[in-house]
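Note that this is a predicted model, so its numbers are computed, not measured.
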Amino acid sequence: MGGGKIKKRKHAQFAQDTADGDNNTCNIGIGATLAHLRGDQPPAGPDGGEPKSDSEEWTTVGRGGKNQKKLNYPSLGYSELHRLQSSININQLQGLVLYCLADGAPPQWVSVRHHGMVRKAVVLFVPGLEKGMLDGSIELDSPEEDLIDLSDHDNGTKGSTNGAEEQDLIDLPEPINGSKKFTDGASENLTDFVEPGSGANPFTSDPKSSKPSQPVANDTAIHNMPDLPLASRSTTSPDGYLPTQLAFEKLPTPLKPLASAFPYLWPVKAPGDERYGKIHSPLHAMLNSPITKTQEEKRGDKQINGPKPARDGKNWEDKRTPITEYIASKEELQDNEYILHQACFTTSDEQLAESRRRVAEKQTADKGWTDTFVEKLEDGTVEDEYIEKGSLTAGRGVLAMDCEMCLVQGGEMALTRISLVEWDGSVLMDEFVKPDKPIVDYLTPYSGITPAKLENVDTTLEDIQNRLIEEITPKHILVGHSLNSDLLALKLTHPFVVDTSILYPHPRGPPMKSSLKWLAQKYLGREIQKGHGTEGHNSVEDARACLDLVKMKCERGPQWGTSGATNESIFKRLKRARKAGTDTGKTGAIIDHGAPEKNFGHMASYCIGGKDDAEVVDGVKRAVFGDSDGSYIPGGGVDFTWARFQELAAIRGWLLDYRHATDPNSRSSEAPSAAALAAVVTKTVQHIKTIRDYLPPCTLLVVYSGTGDPREIRCLQEMQRTFKREYQVKKWDELIVKWTDNEEQALRAACRKAREGLGFLTIT
């Protein structure tokens with residue numbers, strides 16, 4: 001061997017060679033083996049032309065001894081040698097796209113050959129697809145007597161029945177039908193596919209998942225909650241994160257076309273936090289890309305304890321924005337549990353419904369509640385002629401508010417201190433308040449209130465309300481952190497609120513909120529609430545911190561303090577990647593129902609809306625190839641296309657938002673029939689297959705479901721919100737919903753189940 005390094009075939013290559021030899025398709029002799037070990041080129045074929053092996057690892061020699069150009073065709077491959085310790089996530093799918101089209105790092109979970117030859121990428125978001133559809137736990141096929149006989153199929157496969165055993169639903173050892181479509185003739189160029197073998201995860205069937213049942217959280221709350229399956233303990237094997245081969249004969253009839261388009265089913269974990277029972281947006285995970293830090297920034301962050309200081313991105317630009325742009329909308333106020341002012345409701349029906357709700361919740365004037373003097377939202381508008389040019393307040397008055405509360409008899413929180421700070425930082429009000437009920441707990445480590453501070457206080461809540469009504473006009477904006485708690489203690493409503501917990505959202509998303517102490521340290525570089533847990537908070541200090549956070553937000557722009565400051569749109573990142581031989585960036589398109597340009601599509605080069613999934617399919621084709629006349633999308637199409645199908649999610653009830661449903665009893669909990677679901681699944685899969693068939697060569701196609709079934713976790717989250725809202729004003733025995741550790745564990749289990757998505761990958 002000349003002392004050179006001996007080359008050994010991989011186990012998978014040995015198995016493939018052996019299998020090929022058994023089929024008389026390849027006969028590797030001693031000479032060929034020695035040539036392989038020496039690294040020599042394989043001998044030419046008997047006709048003097050190309051060698052029998054079509055491997056792209058060898059330089060082919062044509063007639064006359066002339067070298068022929070190698071075809072560097074892109075391909076994907078998976079091996080057990082890949083670093084898979086858990087399910088892949090949506091960010092890794094995004095990383096694959098960026099690796100093929102831009103400056104992304106090479107993925108460790110899949111091999112990509114000749115990634116620079118990938119010309120386009122198409123990503124399809126298909127919510128509603130579930131693993132249960134493939135393993136049989138979600139019924140799709142017709143009854144057995146109605147099954148189509150597939151015994152005469154060209155591959156000799158037989159149709160499956162929905163009563164098939166679990167272990168018969170996949171076929172790991174056998175080569176997949178249609179796998180050539182995955183490599184398109186470049187199988188030798190593909191990193192060896194090896195069967196997952198005993199370490200692979202057979203699909204597991206959960207018989208409960210297809211039978212609706214109550215969430216079993218509280219008997220008193222069930223009448224307001226839809227019938228949903230209760231999350232059960234997962235029976236998935238420890239290797240459930242491994243991809244599984246698709247076998248045509250083992251798939252339900254509506255899903256069979258997937259086997260000829262994709263070789264593997266990949267478990268894809270949705271972003272979320274099981275500890276807090278939260279699922280994050282699968283759209284955000286795919287369409288927003290984190291801004292990479294420099295080595296210097298990384299080293300600096302390691303030396304800092306606590307929150308890392310906020311930094312400008314390398315492409316950051318300040319955008320001065322008036323405070324009026326940050327006033328919370330009615331939906332934001334509702335989501336953050338505010339008691340809404342009557343001016344927030346524009347129709348008489350809405351005002352009547354709100355009045356009835358407040359009567360039921362004992363939030364009326366005879367119960368001590370008051371509203372500021374604002375008849376309609378337009379009363380807060382200031383004429384342009386009275387607004388100083390460049391003013392951040394837009395002519396409005398701004399009052400930062402912070403309150404401290406104590407626990408009084410009856411289990412309620414009562415106001416004991418209020419502080420108001422004006423825009424210039426001066427203190428307008430700082431008063432102690434004597435509750436009308438005996439104080440049970442002063443909560444001194446947090447409130448800073450002691451018996452001595454309230455000893456000679458005669459000011460009542462009614463006195464404070466009267467002063468606030470005089471100070472707060474329709475032109476005033478209230479600023480605070482989680483101001484809903486302060487206004488609840490004040491028994492006051494105002495329609496114009498700027499909440500720093502909304503302006504600076506938690507990195508994990510709502511309903512989680514960042515503390516004011518953390519925000520001040522991160523964005524202001526200021527230590528506040530140093531007496532937390534000992535001497536308590538200073539309400540004036542907290543109010544000024546809120547005010548300074550709002551001023552910074554106005555100076556820096558709407559994206560400051562959000563994921564937009566640390567993330568960027570994938571479309572923007574692609575624009576920085578240059579096309580080969582040109583100075584122009586790569587283009588992207590988003591295709592969705594409705595008007596996609598209003599949401600994530602505002603950074604895309606092109607946006608195409610549609611009324612249904614069929615129009616989305618047409619939009620994808622238009623984006624990939626361009627308009628024939630170049631009227632909107634130039635010929636040749638775009639480099640990256642993202643599209644979403646919604647009909648499957650709609651029929652399954654996944655699109656219902658429980659938070660904004662007006663009548664809980666009207667929520668439909670009926671699952672679609674097997675026939676109706678099968679029809680929509682068939683249609684959706686056919687749409688995917690249609691797109692797969694018309695894509696040009698060297699196109700990366702990614703299909704992902706985003707999440708599992710989100711209905712149960714939404715139901716439990718609604719119950720949790722109801723409990724938190726009632727717990728503020730009611731005794732435990734009066735609560736309609738009681739949230740205990742049982743419900744908390746059910747929420748975590750539902751979150752874990754809802755994060756189980758799936759995906760499919762191929763290069764055409």
Side-chain angles (χ1 to χ4, degrees), residues 76 87-105 107 109-110 112 118 120-129 262 266-273 278-292 507-509 562-564 566-577 586-594 596-608 616 619-620 623-624 638-646 648-649 654-655 688 691 699-708 710 754-763:
L76 296 174
S87 299
I88 63 172
N89 54 50
I90 298 176
N91 295 113
Q92 290 175 300
L93 295 179
Q94 181 200 70
L96 174 63
V97 173
L98 292 175
Y99 177 62
C100 293
L101 296 184
D103 56 352
W109 51 277
V110 68
V112 187
V118 175
K120 297 176 182 289
V122 175
V123 176
L124 303 179
F125 178 33
V126 190
L129 276 179
F262 305 98
W266 290 82
V268 180
K269 200 168 188 177
D273 193 326
K278 177 62 181 174
I279 301 294
H280 302 273
S281 169
L283 281 77
H284 184 282
M286 176 61 72
L287 297 180
N288 280 343
S289 171
I291 299 174
T292 56
R508 295 191 182 101
T562 68
S563 60
T566 55
N567 295 319
E568 63 179 342
S569 170
I570 189 175
F571 298 107
K572 185 176 181 180
R573 186 167 177 180
L574 288 171
K575 288 178 182 178
R576 296 201 304 270
K586 294 188 176 180
T587 56
I590 184 169
I591 297 93
D592 199 0
H593 291 218
E597 64 275 1
K598 294 182 179 180
N599 297 310
F600 287 93
H602 72 283
M603 291 298 297
S605 304
Y606 307 97
C607 296
I608 301 175
V616 171
V620 172
V624 170
V638 301
D639 302 285
F640 172 71
T641 303
W642 182 92
R644 172 167 57 174
F645 296 146
Q646 296 194 37
L648 180 57
W654 289 21
L655 300 183
I688 297 173
I691 293 176
T699 298
L700 171 67
L701 175 61
V702 177
V703 178
Y704 74 108
S705 65
T707 67
R755 294 185 67 189
E756 297 176 356
L758 55 83
F760 306 94
L761 311 171
T762 190
I763 294 180

Exercise: identify the closest heavy-atom pair between [X] and [Y]:
X      : Y      : answer
Gly619 : Ile608 : O-CD1, 3.7 Å
Ala643 : Val620 : CB-CG2, 3.5 Å
Val268 : Gly759 : CG2-N, 3.6 Å
His593 : Val616 : CD2-CG2, 3.7 Å
Ser289 : Arg573 : OG-NH1, 2.6 Å
Gly706 : Pro282 : CA-CB, 3.7 Å

Could you check whether Asn288 and Gln94, counting side-chain N and O atoms only, form a donor-acceptor pair closer than 3.5 Å?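 No - no donor-acceptor pair under 3.5 Å links their side chains.
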Rounded to the nearest 0.5 Å, what's the gap from [atom1] on [X] to [atom2] on [Y]? Could you check?
X      : Y      : atom1 : atom2 : value
Met286 : Asn91  : CE    : CG    : 8.5 Å
Thr762 : Leu701 : OG1   : CG    : 7.0 Å
Ile570 : Trp642 : CD1   : CH2   : 11.0 Å
Thr707 : Glu756 : OG1   : CD    : 11.0 Å
Ile88  : Leu761 : CD1   : CG    : 6.0 Å
Met603 : Ile590 : CE    : CD1   : 12.0 Å

Any donor-acceptor pair under 3.5 Å from Ser705 side chain to Leu758 backbone: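 Yes.
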Under a 3.5 Å distance rule, please check whether Asn89 uses its side chain to pair with a backbone N or O of Lys269 as donor and acceptor.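 The answer is no, because no donor-acceptor pair under 3.5 Å joins these two groups.
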Test: Lys278 and Asp273 ion pair at under 4.0 Å: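 No, no charged N to carboxylate O under 4.0 Å.
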Non-hydrogen side-chain atoms of [X] and [Y] separated by less than 4.5 Å:
X      : Y      : value
Ile691 : Leu124 : yes
Leu700 : Val122 : no
Cys100 : Val112 : yes
Trp266 : Leu93  : no

Hey, mind stepping through Leu96 and Trp109 against side-chain contact (heavy atoms from CB on, under 4.5 Å) and telling me if it holds? CA-CA 10 Å; Leu96 174 63; Trp109 51 277; 4.0 Å; yes
Ring centre gap for Phe125 and Tyr704 strictly below 6.0 Å: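 Ring centroids of Phe125 and Tyr704 are less than 6.0 Å from each other.
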Apply the test side-chain contact (heavy atoms from CB on, under 4.5 Å) to residues Phe645 and Ile688: give CA-CA distance (whole Å), side-chain angles for both, the deciding distance (0.1 Å), then the verdict. CA-CA 10 Å; Phe645 296 146; Ile688 297 173; 4.0 Å; yes
Under the criterion side-chain contact (heavy atoms from CB on, under 4.5 Å), I'd like the reasoning laid out for Leu648 against Trp654: C-alpha separation, chi angles, the key distance, then a yes or no. CA-CA 9 Å; Leu648 180 57; Trp654 289 21; over 6 Å; no
